[in-house]
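The block underneath contains the structure these notes are about, expressed in structure tokens.
Indexing begins at 1, ligand by ligand and atom by atom, following the structure's order. Index from 1, following the sequence.
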Amino acid sequence: MVTGALGQIGTELTEELRKKHGTHQVLATDVRDLPDHPCVTGGPFRYLSVIDADDFDRVITEEDIGTVYHLAAILSATGEKNPELCERINVGGTITVLEAARKHNLRVFAPSSIAVFGPDAPKHAPQICPLNPTTMYGRTKVTGERLAMNYWKQYGVDVRGIRYPGLISYKAPAGGGTTDYAVEIFHSALETGHYDCFVSSDTRLPMMYMSDAIRATISLMETPLDRIGDARGGYNVSGVSFTASELADAVASRVSGFTCDFNPDIRQKYADSWPDSIDDQSSREDWGWSPEYDLDALCDAMINGIRD
Ligand code: NAD
Ligand code: SER
């Protein structure tokens, strides 16, 4: 089962899992009504809210679910506008999933984020350091990692997670995060030739192309249990790190006449509280992680994908 399957990651993860395990082996679930979405037209889909624990339990039993990829969440920018909702969905939803996992012996993938780091973390963020995020979204992700570790240690629930960087993809829109500029810039460049970027030109953040993120997710979940270490709640993974102006230059070199203005809004504050890049030694050692997409490969894939 994939929760939040109609979102930016779920759209591509569901497709990949269906290719791998068979269409009818992968149940997509979400609270959005999008009848033409490929995850709805392309295989089994059920409306399911992760904060309705009874319904969640019923679907797990009826559909004979063995593994949950728990992607339903409220992202950082939307979460700062509505912190109570963010906490309710992100923490409450994760508890629903972990409780079901405890009762029904499920394996769980529950992603974390670079948002777990706060301004006191080193700018090249290590796997282990104090986690003092200043956003509600980041706090819910720290709680998610701690819950994962507790359910593993107390109940033996095999739950694993990745601290995804900002993810860049074209198959589904980005879902209300701070790193959305790195997706929007490509669409605007090709539609209008111009982008008003909501962070400053020198803002540097860890990013990753979606194909790398999907490969990391499946690879982590396929790793034998005895290889998974204490980072299981949120493995650092590195993709690529660039400033907003480096991204704009890379787009301009591929889309003739493209211009970009930088007008930071409130999301600048969230971006400034996050690291520039990520140390992913634990992922490399424990389950062989290595990214494939650099900035050039990512730009080519985005532009070709949107044009197609
Ligand atoms: P998204 O916003 O694109 O998708 C989330 C989905 O969850 C949406 O389709 C939404 O309808 C659904 N949802 C919301 N409330 C729900 C509820 N109560 N029950 C069921 N579904 C509900 O998000 P995404 O980018 O696909 O992110 C998926 C996960 O990855 C989240 O945990 C997010 O924090 C994490 N993550 C994402 C990124 C990124 O850059 N996309 C980076 C780091 C971490
Ligand atoms: N991309 C996400 C966000 O900006 C990070 O978790 O919210």
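Between the side chains of Ser211 and Glu292, no donor N or O sits under 3.5 Å from an acceptor N or O. Between Tyr151 and Glu99, the side chains place a donor N or O and an acceptor N or O closer than 3.5 Å (distance only, hydrogens not considered). No side-chain donor from either of Thr143 and Thr140 sits under 3.5 Å from a side-chain acceptor of the other.
Nearest to atom 5 (C) of ligand 2 by heavy atom, out of Ala77, Pro111, Ser113, is Ser113.
Under a 4.0 Å criterion applied to the non-hydrogen atoms of Thr178, ligand 2 contributes the atoms 3 (C), 4 (O), 7 (O). Close contacts of ligand 2 with Ser76, meaning ligand atoms under 4.0 Å from a residue heavy atom, involve 3 (C), 4 (O), 7 (O).
Between Arg46 and Glu63 there is a salt bridge, since at least one side-chain N of the basic residue sits less than 4.0 Å from a carboxylate O of the acidic one. In summary, Glu87 and Arg139 do not engage in a salt bridge, as defined by a charged side-chain N under 4.0 Å from a carboxylate O.
Residues meeting the side-chain hydrogen bond (donor to acceptor under 3.5 Å, both in side chains) test with Ser201, sequence neighbours left out: none. Partners of Gln25 under the side-chain hydrogen bond (donor to acceptor under 3.5 Å, both in side chains) rule, at least two apart in sequence or in another chain, do not exist in this structure. Listed by chain and number, the residues in a side-chain hydrogen bond (donor to acceptor under 3.5 Å, both in side chains) with Arg32 amount to none (sequence neighbours excluded).
Protein neighbours of ligand 1 below 4.0 Å, counting non-hydrogen atoms: Gly4, Leu6, Gly7, Gln8, Ile9, Asp30, Val31, Arg32, Leu48, Ser49, Val50, Leu71, Ala72, Ala73, Leu75, Ile89, Pro111, Ser112, Ser113, Tyr137, Lys141, Tyr164, Pro165, Gly166, Leu167, Gly175, Thr179.
Among protein heavy atoms, atom 1 (N) of ligand 2 sits closest to Thr179 OG1, 2.7 Å.
Between the side chain of Asn236 and the main chain of Pro126, a donor-acceptor pair closer than 3.5 Å is present.
With a 4.0 Å heavy-atom cut-off, ligand 2 is reached by no atom of Ala115. At a heavy-atom distance under 4.0 Å, no atom of Tyr164 approaches ligand 2.
Residue contact check for ligand 2: Trp274 places a non-hydrogen atom closer than 4.0 Å to it.
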